[in-house]
Amino acid sequence: MTQVIQNILQKQNLSKKDIVRLLHTDETERKLLFERAAKVKEEYVGKKVFYRGLVEYSNLCGKNCLYCGIRAGNKKAHRYEVTEEEVLEAARYAWENKFGSVVLQAGERSGKDYVRRIERLVREIKKMSQGELGITLSLGEQSEETYRRWFEAGAHRYLLRIEVSNPELYHRYHPQNKTHDYQARLQSLYLLRKVGYQVGTGVMIGLPFQTTEDLADDLLFMKEHDIDMVGMGPYIEHEDTPMYQYRDQLMPRMDRFYLSLKMVAILRIMMKDINIAATTAMQAIDPMGREKSIKVGANIIMPNLTPSRYREDYLLYEDKPCTDEDAEECKRCLEARIHMAGGEIGYGEWGDSKHFSRRKKS
Ligand code: SAM
Ligand code: SF4
């Protein structure tokens, strides 16, 4: 059957049927897929892996996504917000260690004070790093005005996963109300593009009730929406969430892991010059998960710079890795791992999505 896979991999455009077939590749066949993705990556984005220092700014969240460990309804979560000084300290560490960028990620919140606080933080990070650090935000759905204010303060990339592109499934994983509306999330992706951000999205892989057809549609969604960056990884259950009740219906974690690797590889073949992150959830299943992602197409890694004392509390899912490491340990171990995966680190570079630059020029 390897000839069938070879034939699919030669195609200019992959159909839904082709993608589904690639997602079903067995151990021998998937090697061909991974080799092809590695070649495409080398040709279109090169060997460089770019760092985005991740600050998990706060686990306070107004929403109740049914899968997430820091959902508002989880009363067991111990809530925190990193102080302004600590954020700036983490950003300084990133800058001094020549990470090109930082990412501020948190639960979803709104309110004037909050919007202003983020705006100030973005400006301060820019000022402290003399404009050198790139800033990515991942702070959920916001109004156009808020997106614009943060953009004008200096953030230039935004990550907002669609989570699942099938609206029916989206509604199964979220409460049925206005704050968890598929169309609103989609609209946010349009607003981000309109304001001028490099737009990132992504999905969770191996959710209960999700089929390989759904996953193929997710990849086609990213292509159709001409996304600049993608972060996707396995869904991992969390005991204190409503979705935990379906844990018996999940495929084994290692299968979720390989399915996620295939998703990364197929996406690299479909969208050759975008940025793709090697996500932490990959590492939660396989200690070498991020390195394996890099080998098959990912080119972005997000070392965790959240001050250690908060890390245990940003527990989106079980077995989240690196919750007990400080930034220095994290950096050293990552460097060695990236070299092992055949990558080079793009120190001091923003590592913007080539796809975005190309679209802007055309
Ligand atoms: N609150 C913002 C939002 O939802 O866009 C950003 C932070 S949120 C914690 C970041 C991502 O974590 C979500 O987009 C979701 O895909 C992921 N996530 C949440 N729970 C997860 C789980 N149980 N397994 C894997 N990923 C999960
Ligand atoms: Fe909040 Fe984001 Fe978790 Fe949803 S995924 S509960 S918005 S932190």
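No hydrogens, no waters, no symmetry mates; every other heavy atom, side chains included, goes into these values. Whatever order the structure lists them in is the order used to number ligands and atoms, beginning at 1.
- Which parts of ligand 1 touch M204 is read off a 4.0 Å heavy-atom cut-off, strictly below it: atoms 16 (O), 21 (C), 25 (C), 26 (N), 27 (C).
- For the pair R52 and F99, the NZ or CZ position fails the cation-pi test of under 6.0 Å to the six-membered ring centre and within 45 degrees of the ring normal.
- Residue A281 places no N or O, backbone or side chain, under 3.5 Å from any N or O of ligand 1.
- Among A106, A284, G140, the residue whose heavy atom sits closest to atom 1 (N) of ligand 1 is A106.
- Using a 4.0 Å heavy-atom cutoff, E163 is listed among the residues neighbouring ligand 1.
- Close contacts of ligand 1 with G107, meaning ligand atoms under 4.0 Å from a residue heavy atom, involve 1 (N).
- Proximity to P234 (heavy-atom distance under 4.0 Å) selects the following atoms of ligand 1: 25 (C).
- Of the possible donor and acceptor atoms, one in the side chain of N177 sits under 3.5 Å from a partner among the backbone N and O of H180.
- Of the protein's non-hydrogen atoms, the one nearest atom 24 (N) of ligand 1 is I236 N, 3.1 Å.
- Annotation: atom 9 (C) of ligand 1 to nearest protein heavy atom, L316 CD2, 3.3 Å.
- For ligand 1, the atoms closer than 4.0 angstrom to any heavy atom of Y314 are 7 (C), 9 (C).
- Within the listing of ligand 1, atoms 6 (C) sit less than 4.0 angstrom from a heavy atom of S138.
- Annotation: Y235 places no N or O atom under 3.5 Å from an N or O atom of ligand 1; distance criterion only.
- Although no hydrogens or angles enter the test, the distance criterion places no donor-acceptor pair under 3.5 Å between the side chain of Y170 and the main chain of I162.
- Heavy-atom contacts of G107 reach the following atoms of ligand 2: 8 (S) (cutoff under 4.0 Å).
- Short contacts between ligand 1 and E108, defined as distances under 4.0 Å to a heavy atom of the residue, involve ligand atoms 1 (N).
- Residue, atom and distance of the protein heavy atom nearest to atom 10 (C) of ligand 1 are Q105 NE2, 3.8 Å.
- Scanning the protein heavy atoms around atom 4 (Fe) of ligand 2, the nearest turns out to be C65 SG, 2.3 Å.
- Within a 4.0 Å radius of atom 2 (Fe) of ligand 2, the protein has no heavy atom.
- No side-chain heavy atom of V55 sits less than 4.5 Å from a side-chain heavy atom of Q105.
- Side-chain atoms of E81 and Y57 include a donor-acceptor pair closer than 3.5 Å.
- Between R157 and D352 a salt bridge is recorded (basic side-chain N to carboxylate O distance below 4.0 Å).
- Considering CE of M222 and NE2 of H225, their distance stands at 11.0 Å, rounded to 0.5 Å.
- Using a 4.0 angstrom heavy-atom cutoff, R185 counts as in contact with ligand 1.
- Residue contacts with ligand 2 for I70 involve side-chain atoms from C-beta outward but no N, CA, C or O (heavy atoms, distance under 4.0 Å).
- Between the R161 side chain and the G202 main chain, no donor and acceptor come within less than 3.5 Å of each other.
- Using a 4.0 Å heavy-atom cutoff, G233 is absent from the residues neighbouring ligand 1.
- Between the side chain of D218 and the backbone N or O of S165, at least one donor-acceptor pair lies under 3.5 Å.
- The CG atom of L220 sits 4.5 Å away from the CE atom of M270 when rounded to the nearest 0.5 Å.
- Shown in contact with R161 at under 4.0 Å from a heavy atom are these atoms of ligand 1, numbered in order with element: 14 (O), 15 (C), 16 (O), 17 (C).
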Checklist entry - Please walk me through it: do H174 and Y67 pass ring-ring contact (aromatic ring centres under 6.0 Å, His included)? => result CA-CA 8 Å; H174 296 90; Y67 42 81; 5.2 Å; yes
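- At a 4.0 Å cut-off, not a single heavy atom of G202 sits close enough to ligand 1 to count as contact.
- Residue C61: an N/O/S atom is found under 2.8 Å from atom 1 (Fe) of ligand 2.
- Residues L261 and V45 do not share a hydrophobic cluster, defined by chaining ILVMFWY side chains whose heavy atoms lie under 4.5 Å apart.
- Between W350 and H156, the angle of the ring planes lies from 30° to 60°, which puts this pair in the tilted group.
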